[in-house]
Amino acid sequence: MPQSTAAEVPLIALDGVGKWYGAYHALKNISLRVRKGEKIVLCGPSGSGKSTLIRCINHLEDIQEGKITVEGTTLTDSGHAIDAVRREVGMVFQSFNLFPHKTIMENCTLAPMRVKGLSKPESEEIARKYLARVRILDQADKYPAQLSGGQQQRAAIARALCMEPKAMLFDEPTSALDPEMVKEVLDTMIGLARDGMTMICVTHEMGFARQVADRVVFMASGEVIEEGPPETFFQAPRHERTRAFLGEILAHH
Amino acid sequence: MASIGPNELFFLAQGLKWTLALTLIGFVGGGIFGLIVALARTAESAALRRVTTGYIAVFQGTPLLMQLFVVYYGVALIGLNIDAWLAVAIAFTLHASAFLGEIWRGGIQAVPKGQTEAAKALGLHYVSTMKDVVLPQAFKISLPATIGFLVQLIKGTSLAAIVGFVELSRAGQIVSNQTFRPLTVFAIVGLAYFLICWPLSLWGARTERRLQTATR
Ligand SMILES: Nc1ncnc2c1ncn2[C@@H]1O[C@H](COP(=O)(O)OP(=O)(O)OP(=O)(O)O)[C@@H](O)[C@H]1O
Ligand SMILES: [Mg+2]
């Protein structure tokens, strides 16, 4: 894949990031560069710090060491920097976190109206566009509880897209789903990847990683152990821990 | 021995009117300040949390009667000559704000953390996160307890009689002294309280049941 020089400027950059929960060292000296349009799959055993890492990127967690820069804005404790970063980065959670007292349409229009100050008709038009894209436009007037898990997660993806972010963070978006619904969500994510969205996905769906990822990053005990393009990562993992992890994951699938 | 005629009933109705007015003031004033208390109680600032925790402890830990006395005679003591009305309204507002604040604090904390995180991730600020996302869910969770407190408050207004306020209970006492028919009079007074409180209690029980089936 040819890269222009402009594309070499990372959209998201982590430099020597360190994170502690009290005395517990959750992230150790993490450095990661994500170019515009790049798709990263983040994997690793439970408790290795994958969620923590992506939650630091939009400042749902703060860091004690190092630096995180998104689209030229370095995250500090200033509300201004946090706002700027959250405007560029959307997030999708394992448990969807749709607002249960609002319809799917209202879930989608809330942030465009409150954050961007768009009018209701404007935000509804945007919402319809993205709800159609995740193929649940016909469910717009329902409440989240009336939708299947797969539909809810697609609604959550649409809600994040309505803010027209430059990058999307996914934290195990399919782990809470019944097996028959995993595919519809993965297909939505693959579509998003095809359209050039910059994505960081925490997932154990190795088929998705093979198909979509530019790079797979493997974490264990708060460190990046190894990273590489999916072909080399899956065929020739260099580290013992990676091999052990892959053995386990592939045995389960 | 006098009988209970239209005049007496009218007098009781006047008392009832004050009971309802006091309840309304306590509930509205307490609701507004209670919301502030609940937000401060769940704020990020530890100082705010400590102050409101103390406030709630004081008002939950002392009898409403004493709170009425303190406000009523307290403001007189510091040289302010305020209307009985105002003193009672202040006392009920303080009392209700502590209780409602604590009830709603529980409701706010019962809203899953993922809701706030999703709101933050979308870029929503505190005001919108609270107003659009957290509070609507918190109020729904707190509705049964809120109604329960409202019922307590209605009955609690009878204590205002102590500082010379003629609400329903005090009106009953006066009429009973005039007519020497305490049983009849207090049966009427009791029935009036019951007819207001019972439907509220039923409503509270029903919303509670509905919440339970909804979360199942
Ligand atoms: N709020 C918190 N307070 C204290 N410790 C935490 C907190 N959140 C996470 N941790 C700890 O930090 C470590 C990394 O957690 P994290 O959730 O990032 O792991 P993960 O790789 O996402 O795991 P999983 O695959 O189970 O989701 C874990 O040991 C976890 O117990
Ligand atoms: Mg996780």
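First the proteins, then the strands, lettered A, B, ... as listed; each starts at 1. All values reported here derive from a predicted model rather than from experimental measurement.
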Enclosure of A:E125 CD (heavy-atom neighbours >12, cutoff 6.0 Å): no
Exceeds 12 heavy-atom contacts within 6.0 angstrom, atom CZ of B:F139: yes
Contacting moiety of A:V89, where chain B heavy atoms sit under 4.5 Å: backbone
Interatomic spacing from NZ in A:K102 to CD in B:Q137 - rounded to 0.5 Å: 9.5 Å
For the student: nearest non-hydrogen atoms of B:D132 and A:H101, plus distance: O-NE2, 2.7 Å
Any B:V127 side-chain heavy atom under 4.5 Å of A:R114 side chain: no
Rounded distance (nearest 0.5 Å) linking atom CG of A:L110 with atom CG of B:L124: 5.0 Å
Which atom of B:K120 lies closest to which atom of A:R86, heavy atoms considered: O-CD, 2.9 Å
Closest-packed option against chain B by number of heavy-atom pairs under 4.5 Å, given A:G90, A:P100, A:A160: A:P100
Interface moiety of A:R159 toward chain B, non-hydrogen atoms closer than 4.5 Å: both
Heavy atoms from other residues, nucleotides or ligands near CH2 of B:W85 exceed 12 (cutoff 6.0 Å): yes
Enclosure of B:F10 CZ (heavy-atom neighbours >12, cutoff 6.0 Å): no
Closest contact, heavy atoms only, A:F99 versus B:A118: CE2-CB, 4.1 Å
Under 4.5 Å from any heavy atom of chain B - which part of A:L98: backbone
Side-chain donor/acceptor of A:N58 to backbone N/O of B:A121, under 3.5 Å: no
